[in-house]
Amino acid sequence: VQLQASGGGLVQAGSSLRLSCTASGRTSSPYVMGWFRQALEKEREFVASITWSAGTTYYADSVKGRFTISRDNAKNTLYLQMNSLKPDDTAVYYCAATNRQSSRTPRYYYTAAPTYDNWGQGTLVTVSS
C-alpha cells in the first residue's frame, strides 16, 4: 500500500487548506489513519487520527477546533481540513496508516508515531503571518 499526500501550499494566517492522502494498492482498509507534522528542526508530532470503520477521531490540543480529519471509504482517501491556520502550523504534513491494535488506551496509542507502519511522503504547508 502506498500513501500519497497532497494539498499543501503557501497561505496567509487565517486561511484554510485541505490536505488529501490517497491510498493505492490496498486490498483492505487500514484500522487507523492519521496525520502527523514536522516543523524545521523539531520532532514529528501527532495532529489527528481516525478509525477507518467507526470514524472515531483524536486531535492534538494545538489543532482542536480548527482542524477536521475525515475519510472517504469509497475513494480510499483521508482528508485534513485545516482552518484558521497559524504560522505555528507551518510544517511538512505526513499521512500514516496502521492495522496495529493494542490494549493500551486508544487516545494514547494512536497518537504515537511508532504505532504507524505505513507513511506517505509528506506535503509542505507554509503559513505566513
So which heavy atom on [X] is nearest to which on [Y], and how close?
{"X": "I50", "Y": "L78", "value": "CG2-CD1, 3.6 Å"}
{"X": "A97", "Y": "P30", "value": "CB-CB, 4.0 Å"}
{"X": "A5", "Y": "Q121", "value": "O-NE2, 2.9 Å"}
{"X": "A39", "Y": "A91", "value": "N-CB, 3.8 Å"}
{"X": "A48", "Y": "Y59", "value": "CB-CD2, 3.6 Å"}

About how many Å separate [atom2] of [Y] and [atom1] of [X], when rounded to the nearest 0.5 Å?
{"X": "W52", "Y": "N76", "atom1": "CH2", "atom2": "CG", "value": "6.0 Å"}
{"X": "T51", "Y": "M33", "atom1": "OG1", "atom2": "CE", "value": "12.0 Å"}
{"X": "T77", "Y": "L19", "atom1": "OG1", "atom2": "CG", "value": "12.5 Å"}
{"X": "S129", "Y": "K86", "atom1": "OG", "atom2": "NZ", "value": "14.0 Å"}
{"X": "T68", "Y": "N83", "atom1": "OG1", "atom2": "CG", "value": "6.5 Å"}
{"X": "L3", "Y": "S24", "atom1": "CG", "atom2": "OG", "value": "7.5 Å"}

Looking at side-chain heavy atoms only, is the closest gap between [X] and [Y] below 4.5 Å?
{"X": "F67", "Y": "Q81", "result": "no"}
{"X": "Y79", "Y": "I69", "result": "no"}
{"X": "L85", "Y": "L17", "result": "yes"}
{"X": "M82", "Y": "Y93", "result": "yes"}
{"X": "R37", "Y": "L80", "result": "no"}

Does any N or O in the side chain of [X] come within less than 3.5 Å of the main-chain N or O of [Y], such that one atom is a donor and the other an acceptor?
{"X": "N118", "Y": "V1", "value": "yes"}
{"X": "T111", "Y": "R107", "value": "yes"}
{"X": "T90", "Y": "T126", "value": "no"}

Among Ile, Leu, Val, Met, Phe, Trp and Tyr joined by side-chain contacts under 4.5 Å, find the other residues sharing a cluster with V92 and list them by chain and number.
->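 Y31, V32, F36, F46, Y58, Y94, Y109, Y110, Y116, W119, L124, which link up through side-chain heavy atoms under 4.5 Å apart, make up the rest of the cluster.
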Quick one: salt bridge (charged side-chain N to carboxylate O under 4.0 Å, His left out) pairs with a partner in residues 55-71, sequence neighbours left out?
->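 For residues 55-71, and leaving out neighbouring residues, the salt bridge (charged side-chain N to carboxylate O under 4.0 Å, His left out) pairs sorted by first residue read D61-K64, R66-D89.
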Listed by chain and number, what are the salt bridge (Lys or Arg N to Asp or Glu O under 4.0 Å) partners of D117, not counting sequence neighbours?
->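 If we apply the salt bridge (Lys or Arg N to Asp or Glu O under 4.0 Å) test to D117, skipping adjacent residues, the hits are R100.
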